[in-house]
Amino acid sequence: MNFFEPIDGELACEGVRLTEIAQAVGTPVYVYSSATLERHYTVLTDALVGQGLKGRDGAAPLIAFAVKANSNLAVLKTLARLGAGADTVSEGEIRRALAAGIPAERIVFSGVGKTAQEIEFALKAGVSEINVESEPEMHLISTIAQRLGLRAPIALRVNPDVSAGGHAKIATGKSDNKFGVSISEAERLYAQASNNAGLNPVGVTCHIGSQITDLAPLEAAFAKMARLVARLRADGLSVERLDLGGGLGVPYFDQPEPATPADYAAMIARTLGDLDIALSFEPGRMIAANAGVLLAKVLHIHERPEGRKFVVLDAAMNDLIRPAMYDAYHDLRPVRPRPGPADTYDVVGPVCETGDTFTRDRRLPSLEAGDLVAFMSAGAYGAVMASEYNSRLLVPEVLVRGDQFAIVRPRPTYEDMLAREVVPDWV
Ligand SMILES: *Cc1c(COP(=O)(O)O)cnc(C)c1O
């Protein structure tokens, strides 16, 4: 459910018409709904708590929002106010989470290739846990922690070797991809970490991929994690926390409904409910995707002699790369639907490559030059992946709450863009 509904026949975000935002800010622009972000966070938390699932110290499980899905400070702060933590994958993301008011004890530091500088930064900041992806990384963390006179709280990221379906570029849970250590390595490394002066192993973690709409692979992975925890404990090791990653998918169109948070929570209760362990989660997409749209304007309708019709937008692959990169589908809605026949279009942006195609052969309502359209479900992995390719200005972001909106990342000027570069005097 989201809060992008028409007001008097015109698409709005909560109480603000998208036309008003387009007039004030220009297009393309991302628009986020506070109420939708809050609702997704609350629905997930309530579902988990409703199943009696617990986090640390008997509190609700930690929901560490995956900052990589949407790292805008205003979005992070919206979630922070509800008690969200942050799952981060770089020093930049840790800094963003802290700047948004997320306390270090709710920040998790994940990622396959953390640098020594990043690890030191995370330890000094006091993050709640560093999720370790490999044996060399574990040794590096230990060395840095001992130099700082600390014991680094770590969780071992386990690759449970489960195939989750979905797009190959976002599947992470098979043994042949780069993430995490195998279950048997995890047993050896966890024991090693327990005897290491620089390490405090607090738990284990897994994340098998993104946009997973079927619970079966998640359940298979979680069952393997439960058995791993039991074996570690049987060996006398303390395992306080289990971080179950993110990955639950969202409906990008009305095809097979993804599993709901309630189904997800029930599955976890049945798989892990008896484990007596502090659970945490790292959802990104399920919190943010349906809380944002990319608003764009139709520049031209271009019809080729052989009959193919192109809708040329002022948004391009540099603003929203998911269709080009993952063959992703985004529902595309006119902001002010006009009477007239539907037609079949290719929807493209102005960037000089054929990859800059949002969709082909899409049946769309009547459109004319100057119309506003909204790419739905663009709040996750949208603005964060934007670039200035073709020297197009970085796309701005707007946050709506009720009947007010604010620009939360302004569109830079061309002067800003040029001023960042340096031409040495020997050129
Ligand atoms: C990307 C990622 C997430 C978030 O994935 P979603 O599909 O957006 O929920 C969580 N944890 C880790 C380690 C990730 O890499």
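Atoms within a ligand are numbered from 1 in the order they appear, just like the ligands themselves. When reading the values below, keep in mind they use all heavy atoms of this one structure, side chains included, and skip hydrogens, waters and symmetry mates.
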Cationic tip of K114 above F109 ring, under 6.0 Å, 45° of axis: yes

Atom 7 (O) of ligand 1: nearest protein contact (heavy atom, Å): S210 OG, 2.3 Å

Which of the ligand 1 atoms, numbered from 1, are nearer than 4.0 Å to a heavy atom of A66: 3 (C), 4 (C)

More than 12 heavy atoms of other groups within 6.0 Å of K224 NZ: yes

R81 to Y41, cation-pi by 6.0 Å centre distance and 45° axis angle: no

Identity and separation of the nearest protein heavy atom to atom 8 (O) of ligand 1: Y381 OH, 2.6 Å

Any N/O pair G247/ligand 1 closer than 3.5 Å: yes

Any side-chain heavy-atom pair of L199 and M138 under 4.5 Å: yes

Ligand 1-proximal atoms of E282, by part, heavy-atom distance under 4.0 Å: both

Heavy-atom closest contact (G249 atom, Q211 atom, distance): CA-OE1, 3.1 Å

Region of V89 that comes within reach of ligand 1 [heavy atoms, distance under 4.0 Å]: neither

Side chain, backbone, both or neither: A69 near ligand 1, heavy atoms under 4.0 Å: neither

Any N or O of R157 closer than 3.5 Å to N or O of ligand 1: no

Where ligand 1 meets R285 - atom numbers and elements under 4.0 angstrom, heavy-atom basis: 6 (P), 8 (O), 9 (O)

Where ligand 1 meets G246 - atom numbers and elements under 4.0 angstrom, heavy-atom basis: 9 (O), 10 (C)

Exercise: identify the closest heavy-atom pair between P365 and P334: CG-CG, 3.7 Å

Under 3.5 Å side-chain donor-acceptor pair for S71 and E93: no

Closest approach of L228 to A186 (non-hydrogen atoms, all atoms of both residues): CD2-CB, 4.2 Å

Heavy atom of the protein closest to atom 15 (O) of ligand 1 (residue, atom name, distance): K68 NZ, 2.8 Å

Polar proximity ligand 1 side, P283 side, N/O cut 3.5 Å exclusive: no

